[in-house]
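Just below is one structure, and these are the notes that go with it.
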Amino acid sequence: MAEKQEDRKVTPRSEDFAGWYNDVVLRAELADYSPVRGCIVFRPDGFAIWEALRDELDRRIKATGARNAYFPLFIPQSFLAREAEHVAGFAPEVAVVTHGGGKELEEPLVVRPTSETIINHMFAQWIKSHRDLPLMVNQWCNVVRWEMRTRIFLRTAEFLWQEGHTAHSTRAEAQAETLRILELYRDFCEQFLALPLVTGRKSAAERFPGADETYTIESLMPDGRALQCGTSHFLGQNFARVFGIRFLDEQNQLQYPWQTSWGVSTRLLGAIIMTHGDDQGLRLPPTVAATQVVVVPIWRKAAEAEAVRAAARRAHDELRAAGIRVHLDERDGVTPGFKFNEWEMRGVPLRVEIGPRDVASGEAVLARRDLAGQAGKSKAALSALAEHVGRMLGEIQHGLYEQAAQAMRAAIHEFDDYGAFCQRLGGEGGGGMAYVYWCGDADCETKIREDTRATCRAIPLGQKTAPGKCIVCGRPAREQAYFATAY
RNA sequence: CGGGGCGUAGCGCAGCUUGGUAGCGCACACGCUUGGGGUGCGUGUGGUCGGCGGUUCAAAUCCGCCCGCCCCGACCA
């Protein structure tokens, strides 16, 4: 008996974080391994999260003026080679198609690892005048990067994402666009996905190949490792120059436009799972939960069943009419306790229990997924169920964010002693985030990496703190930066 | 590519030492039972034992070669 229940549980998160993560993903049926190494199958419950996330983000992106388009999966190999840093950055991980139609191709095609090159090739044909600018497109697609080690959602050979690409007539406008998207991502992750973040600039070593500046949103997972959740790049004129994108300005002068690109990927699913999940399984923010509320009817005797079923159906119908994504679990042959555990595993934010006692008193028992055990249980009058449930879903969304934000704050430490810094970050697994003064020198960054395996995750913008001393070399440092071991 | 581990039913494993033609738990199907935190019982379905070759009357088991997967390091949204 004890053995059997053990089989049903996931690996405790505190015992083995990576094992817990895999168990949750598989048991909650979000994804499955595929026959192709490094590629995964998004199962309906996992894809539903992506769809909810995508739909909301798509609305927000369109509100900036960007429009969706679609560019080809295949890119001539020579395109990738045009931008020196870009090719150096991506060459090791591109998949190359050498044959088609039974013949060897004249020029191999790479499967896009990102679409800067092919999109800019097209931009060069579309942009002639300052009146064509700004040009802002976004595409939702798959990309392929042949990674050496893969992990479900966090690093897969093929992943889904959105990539936005814009071209502007002035440097200032492109820089502003880069930061505007960074802010869009930040707000989206915090408000919609309930993911707490730090944001900032990337160090030169962590910059996107081909970008002048990369900005990032970073979160910290419960195992103390950082996860890059999205990036926004200021590309300067680098791609414009190599792809020959030029326009005539108001003075009839030929100019290169200034560009940006930015993206978030299905890695965000990994962030949601790791940030919110617990030993019972998944915990989904109501915004992305395919099922926000599950109604579980409970009865003992056949005589009670009809009244309970009827009340449960009424509750279900009322919630659905109120626009809530609700499921009525009428399965016979499995016990209520089994259903409780199963829906908790799947991360459903709120459970409504209706039994004979509730029918008699005109109430239902509500069980919040964000608060474990009795702490999450309360009663609500069936007569005002939808209103009550709607409000509670909002509280759950907020509750998940607050729990995560509190855990993240508690795992960020400031150091002025390099020894203490290394001791914290260099231990087994993740040591949380360190917020330290750094002079900006690449040698100091390398030393940190060699001593601790931690890397610079973000340098916050608009720092107002007084200058200090670099954590490594002790020389004057104008800024502080976040360091952590990263996924 | 270096270090470590593992391939037996969908999943987790036993059997291998000492060869005799495959078993357990979970899952799955059906029935009864149960039902406010993973109910119990019964009956069933399901396996080229990773692949190839060798030894042998006989190989999951012994020998050789190959393949694949997982974990840890060097690259990464």
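The chains referred to below are lettered A, B, ... by the order of the sequence lines, with proteins before strands, and numbering in each begins at 1.
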Take atom [atom1] in [X]; do more than 12 heavy atoms of anything else shown fall under 6.0 Å from it?
{"X": "A:Arg449", "atom1": "CZ", "value": "no"}
{"X": "A:Trp140", "atom1": "CH2", "value": "yes"}
{"X": "A:Arg331", "atom1": "CZ", "value": "yes"}

Worksheet entry | Those residues of residues 79-96 of chain A lying under 4.0 Å from RNA chain B by at least one heavy atom | none

Practice prompt. Please list, by residue number, the residues of residues 365-377 of chain A whose heavy atoms come closer than 4.0 Å to an atom of RNA chain B; answer none if no residue qualifies.
Written response: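 Under 4.0 Å from RNA chain B: A:Val365, A:Lys377.
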
Practice prompt. Using a 4.0 Å heavy-atom cut-off across all strands, classify A:Arg449 as base, sugar-phosphate, or nothing.
Written response: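 Counting heavy atoms under 4.0 Å across all strands, the contact made by A:Arg449 is with sugar-phosphate only.
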
Discussion item. So is the aromatic ring of A:Phe159 stacked onto the base of B:A77, judging by whether the centres are under 5.5 Å apart and the planes are under 30° apart?
Written reply: yes

Can you check the distance between [N] and [M], where both ends of the measurement are the [atom1] atom (answer in whole Å)?
{"N": "B:U48", "M": "B:G2", "atom1": "C1'", "value": "35 Å"}
{"N": "B:A22", "M": "B:G50", "atom1": "P", "value": "15 Å"}
{"N": "B:A27", "M": "B:G12", "atom1": "C1'", "value": "11 Å"}

Worksheet item: Which ring-ring contact (aromatic ring centres under 6.0 Å, His included) pairs, counting each pair once, include a residue from residues 268-318 of chain A, with sequence neighbours left out?
Response: none

For residues 67-80 of chain A, dump all side-chain donor-acceptor pairs below 3.5 Å to protein atoms at least two apart in sequence or in another chain.
from	atom 1	to	atom 2	distance (Å)
A:Asn68	OD1	A:Asn138	ND2	3.0
A:Asn68	ND2	A:Asp58	OD1	2.9
A:Tyr70	OH	A:Arg112	NH1	3.3
A:Tyr70	OH	A:Arg112	NH2	2.8
A:Ser78	OG	A:Glu107	OE2	2.8

Response to the item:
Test side chain to side chain donor-acceptor pair (under 3.5 Å), reference A:Ser261, set A:His165, A:His233, A:Glu116, A:Glu163, output is A:Glu116

Worksheet entry | With A:Ser203 via side chain to side chain donor-acceptor pair (under 3.5 Å) - residues at least two apart |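 Once residues adjacent in sequence are excluded, the partners of A:Ser203 under the side chain to side chain donor-acceptor pair (under 3.5 Å) criterion are A:Glu445.
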
Discussion item. If the condition is side chain to side chain donor-acceptor pair (under 3.5 Å), which residues does A:Arg369 pass it with, not counting sequence neighbours?
Written reply: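 Checked A:Arg369 against side chain to side chain donor-acceptor pair (under 3.5 Å); matches are A:Asp278.
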
Discussion item. So, using salt bridge (Lys or Arg N to Asp or Glu O under 4.0 Å) as the criterion, who are the partners of A:Arg314 when residues are at least two apart?
Written reply: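 A:Arg314 satisfies salt bridge (Lys or Arg N to Asp or Glu O under 4.0 Å) with no residue once adjacent residues are dropped.
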
Worksheet entry | Those residues that, when tested against A:Glu218, pass salt bridge (Lys or Arg N to Asp or Glu O under 4.0 Å) (two or more places apart) |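 Salt bridge (Lys or Arg N to Asp or Glu O under 4.0 Å) list for A:Glu218, sorted by chain: A:Lys202, A:Arg457.
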
Item to complete: Applying side chain to side chain contact (heavy atoms under 4.5 Å, CB included), name anything that partners A:Lys447, two or more places apart in sequence or on another chain.
Response: A:Tyr418, A:Asp451, A:Val472

Could you list, one pair per line, each protein nitrogen or oxygen that sits under 3.5 Å from a nitrogen or oxygen of nucleotides 69-72 of chain B, together with the distance?
from	atom 1	to	atom 2	distance (Å)
B:C72	OP2	A:Arg149	NH2	2.1

Taking only N/O atoms, report every protein-nucleotides 7-12 of chain B pair under 3.5 Å with atom names and distance.
none

Worksheet item: To the nearest angstrom, how far is A:Asp329 atom CG from B:G37 atom C1'?
Response: 14 Å

Fill in: Test ring pair (Phe, Tyr, Trp, His ring centres under 6.0 Å) applied to A:Tyr401 - qualifying residues, sequence neighbours left out
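Once residues adjacent in sequence are excluded, A:Tyr401 has no partner under the ring pair (Phe, Tyr, Trp, His ring centres under 6.0 Å) criterion.
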
Worksheet item: Distance check: side-chain N/O of A:Thr335 vs OP1/OP2 of B:U39, anything under 4.0 Å?
Response: yes

Discussion item. Whether the side chain of A:Glu342 and the base of B:G38 hold a donor-acceptor pair under 3.5 Å is what I'd like checked.
Written reply: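 Side chain to base: no pair present.
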
Worksheet item: Within 45° of the ring axis of A:Phe159 and under 6.0 Å from its six-membered ring centre, is that where the NZ or CZ of A:Arg267 lies?
Response: no

